[in-house]
Number of protein chains: 2
Amino acid sequence: MVQRRTKLNLGNSNIISVNSKVVRSVNRAMILNLIRERQPISRIKISRISGLNKSTVSSIVSDLLNEELIYEKMKEDQNIGRNPLDLYLRLGKYFVGAVNIDSATTRFAIADIDGSLISKSSVPTESSNPEGFVEFCMDNLLGLCEKSSIKNLEAIGVSITGIVDSKNHIVSFAPNIGWENVNIGAIIRKKCPEISNVSVGNDAKSSALAELWFGKHDLNLSNFVFLSIGPGIGSGIVVENRLLEGEYNASGEFGHTTLFEEGNKCVCGNLGCWEAYASERATVARYISKVNNNSGKSVDVIMQDIIELALNKDKVALETLQETGRYLGIGISNIIKSIDPHAIIMGGKIIQVWDVIYPEIIEIVQKRAFSGNAKNINILPTSLKVRPRLLGAATMAIKTIFDDYKITA
Amino acid sequence: MVQRRTKLNLGNSNIISVNSKVVRSVNRAMILNLIRERQPISRIKISRISGLNKSTVSSIVSDLLNEELIYEKMKEDQNIGRNPLDLYLRLGKYFVGAVNIDSATTRFAIADIDGSLISKSSVPTESSNPEGFVEFCMDNLLGLCEKSSIKNLEAIGVSITGIVDSKNHIVSFAPNIGWENVNIGAIIRKKCPEISNVSVGNDAKSSALAELWFGKHDLNLSNFVFLSIGPGIGSGIVVENRLLEGEYNASGEFGHTTLFEEGNKCVCGNLGCWEAYASERATVARYISKVNNNSGKSVDVIMQDIIELALNKDKVALETLQETGRYLGIGISNIIKSIDPHAIIMGGKIIQVWDVIYPEIIEIVQKRAFSGNAKNINILPTSLKVRPRLLGAATMAIKTIFDDYKITA
DNA sequence: ATATGGTTGGTTGTTTTAACCAACTAACTG
DNA sequence: CAGTTAGTTGGTTAAAACAACCAACCATAT
């Protein structure tokens with residue numbers, strides 16, 4: 001992969017100068033991404049779409065063929081003239097490793113460059129010794145490789161709950177597992193020096209990335225917010241196809257915005273956070289208090305129980321989830337007004353009862369939306385078929401293969 | 001100025017291919033901006049900062065000298081070796097026009113490329129006939145030019161209250177002046193066909209741009225939110241030196257996020273919007289209700305009156321503004337958690353009583369900030385000495401002279 | 001005072017890279 | 001075999017990199 005020139009951030013402009021190598025790298029990345037997104041696609045179509053001369057396209061495509069990142073195949077049923085040579089991503093050649101470290105479970109996967117997961121495994125998260133656990137994770141990942149007869153990994157991506165300094169591969173603050181300033185990048189580089197591309201990111205942000213790269217919606221998503229509804233609420237904000245990281249890597253903490261002055265106590269210590277109303281934790285608490293009030297005896301349930309009950313038309317469960325839907329709607333309205341995204345994509349167990357929550361969400365949002373365009377907002381469950389946070393880890397790794405400099409106007 | 005290649009937005013990547021002209025244009029823009037931000041600066045320093053070879057820098061600088069965008073001057077007091085030739089922006093050569101259309105007043109200015117305003121004027125806003133009024137504005141602007149013996153304008157920038165489609169130069173929705181889908185760009189192009197660069201933008205967003213380009217803070221601002229506190233509350237979000245526009249050009253409508261369920265009625269029709277508590281309108285209403293309760297007789301004041309009273313230590317005015325400060329703090333806390341900016345920059349009449357409101361704001365924010373880093377947030381009054389909205393219009397225009405493609409990693 | 005080496009800033013002529021261009025070949029249809 | 005579309009080849013051009021050079025200054029030795 002191409003070596004990058006030093007990037008100097010000076011005042012109001014990110015200064016990156018351009019030389020011929022950067023030019024090639026930008027155009028190569030652009031063509032490779034076009035093939036990824038539009039396959040099958042011919043050289044001539046790439047030329048017309050990109051504006052690059054067809055001989056330039058041929059030259060870059062020839063490089064990509066040599067690198068075995070793509071392959072070509074004659075198209076048969078053309079109407080007139082010579083048939084184009086369709087280009088496709090080549091699978092089965094380059095692989096990446098994905099790790100998702102969650103408070104309870106850590107999951108592993110090997111993924112191909114199209115985001116398909118080749119093999120998976122998981123272990124309980126052992127957070128007391130960060131360095132040892134990350135090394136243990138790498139052993140697990142390499143074990144998966146061996147099992148699948150994969151000799152080496154192009155890149156590794158790690159997604160994790162908490163605030164992550166992705167630029168420096170450091171987990172700054174992960175209260176759920178008690179980690180602070182853990183340099184995951186350094187640990188991995190030490191353990192696996194042969195793997196040059198390591199990415200580390202927040203789980204909700206990486207889920208957003210997975211949705212951006214591998215989501216299947218009718219929309220052309222480039223501006224959206226991915227909402228990860230779990231015990232808490234996390235999010236990833238995507239603006240013009242890029243993740244908004246935040247100055248201190250803490251963007252998208254909508255879960256801790258105050259919606260109710262003097263409201264319910266949140267795990268963060270403040271009162272009235274959105275999370276204290278719309279998260280799984282809040283939903284479960286509300287359900288329990290309802291049942292306890294009704295029956296007098298205490299119950300012990302988890303989110304999945306409430307969902308199953310609702311799917312079986314249990315009245316209290318349905319009522320509880322509808323309330324959660326309304327609370328979700330309130331917070332989502334504020335997100336829409338803040339960011340003005342094209343869509344809100346939701347992930348988490350709760351999307352199993354989409355039919356229950358969606359009408360509540362959209363009613364609130366429509367009522368509160370104040371501009372004509374904002375009423376067009378799309379609120380959708382994630383289209384991903386595998387766990388977004390794990391695919392997100394894979395996506396961060398895959399991104400290092402496809403991405404390079406980008407040029408913007 | 002350099003002609004741009006067609007930009008095709010396709011799925012998840014903005015496709016811009018690169019050829020040698022784009023390369024030159026990127027490097028030229030980078031050097032020109034370096035001179036703008038760091039002047040005086042020598043060729044050799046530019047070379048070292050940018051990574052470009054010094055011969056390349058010399059070549060581009062020679063172009064800029066020919067275009068008379070910059071000038072050079074020998075530096076005298078060097079320690080050792082040949083003295084560098086310091087490069088400076090050349091003023092008095094290229095000018096831009098700025099128009100700020102507000103609900104009551106429309107202001108005009110001619111600005112030099114360093115953002116200094118050469119001459120100014122204003123008229124009452126006449127909103128009933130948009131096309132006629134915009135043409136009238138152009139006549140005013142050209143009149144200012146004549147008065148200052150300026151032959152032509154390089155660019156024109158128009159900032160306006162409301163939702164603006166900056167890409168297409170259309171005012172989509174401006175309820176304050178009753179405009180809807182007014183194609184300002186087309187009107188200006190028709191009226192002044194010789195002016196090729198026209199920019200149109202929301203007033204708060206353009207204020208943010210002005211702060212980004214011409215603000216004087218100790219901070220290196222590249223991620224921040226500009227809050228414009230007027231009768232309502234507008235904002236401009238800057239992420240990595242770029243304005244966040246929003247899918248429907250409606251980002252940053254924090255003023256209409258709900259902070260109080262079932263709270264005060266807002267002009268937008270909803271209940272409990274931030275704006276209904278922290279804006280000038282809300283402040284004035286709160287002050288009036290306090291005074292009426294105390295004295296029994298009704299009063300009629302405007303925001304500036306309350307500010308003057310507070311500056312003269314009037315107790316009720318101070319109390320009212322302190323309350324506004326606390327409400328501001330609540331909303332700002334939510335912005336910080338949503339966007340995670342490096343700073344919040346505030347504009348509007350209320351910053352005249354910064355000493356009154358700041359302690360209230362920061363107390364609330366510190367209490368609610370939940371992550372270590374977020375506690376470092378900078379909340380500051382605007383550093384701009386002229387009206388941000390007018391300078392913002394000028395900045396949009398100036399930006400067209402300096403900006404071109406940018407390369408990001 | 002003046003020559004000289006050391007140092008920094010800037011220019012010039014050549015080389016290299018990669019995109020562009022125009023003419024060509026390839027492969028297909030009717 | 002003409003017409004059409006896809007892709008390649010060889011030469012051209014633009015621009016950055018490179019290396020050698022010139023310019024201008026200082027300190028110091030003579």
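A, B, ... follow the sequence lines: proteins, then strands. Residue 1 opens every chain.
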How many whole angstroms separate atom [atom1] of [X] from atom [atom2] of [N]?
X	N	atom1	atom2	answer
I80(A)	dA2(D)	CD1	C1'	11 Å
R24(B)	dA18(C)	CZ	P	18 Å
D63(A)	dT17(C)	CG	P	13 Å
Y405(B)	dA15(D)	OH	P	14 Å
K21(A)	dA16(D)	NZ	C1'	12 Å

Candidate nucleotides dA19(C), dT4(D), dC28(C), ranked by approach to the side chain of M74(A) - the nearest: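 Closest nucleotide among those given: dC28(C).
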Which nucleotide, dG6(C), dA16(D), dT17(C), lies nearest any side-chain atom of N27(B)?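 My answer, after comparing the listed nucleotides, is dA16(D).
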Answer yes or no: does a side-chain N or O of T56(A) lie under 4.0 Å from OP1 or OP2 of dC20(C)? yes
Does dA15(D) have OP1 or OP2 under 4.0 Å away from a side-chain N or O of N19(A)? no
Passing option when V239(A) is tested against L243(A), N241(A), I237(A) for side-chain contact (heavy atoms from CB on, under 4.5 Å): I237(A)
Under the ring pair (Phe, Tyr, Trp, His ring centres under 6.0 Å) definition, can you give me all pairs with a residue in residues 25-45 of chain B, not counting sequence neighbours? none
Is there a donor-acceptor pair under 3.5 Å between the side chain of S47(A) and the backbone N or O of V57(A)? no
Has the side chain of D86(A) got a donor or acceptor atom that lies under 3.5 Å from a matching backbone atom of K73(A)? no
Restricting to salt bridge (Lys or Arg N to Asp or Glu O under 4.0 Å), what partner residues turn up for K190(A), sequence neighbours left out? E131(A)
Side-chain ion pair, K167(B) and E245(B), N-O less than 4.0 Å: no
Can you give me the N/O atom pairs linking the protein to nucleotides 10-12 of chain C at distances under 3.5 Å, or say none if there are none?
| from | atom 1 | to | atom 2 | distance (Å) |
| --- | --- | --- | --- | --- |
| dG10(C) | OP1 | L85(B) | N | 2.5 |
| dG10(C) | OP1 | L85(B) | O | 3.4 |
| dG10(C) | OP2 | R43(B) | N | 3.3 |
| dG10(C) | OP2 | I44(B) | N | 3.0 |
| dG10(C) | N7 | K54(B) | NZ | 2.7 |
| dG10(C) | O6 | K54(B) | NZ | 2.6 |
| dT11(C) | OP2 | R43(B) | NE | 3.2 |
| dT11(C) | OP2 | S58(B) | OG | 2.3 |

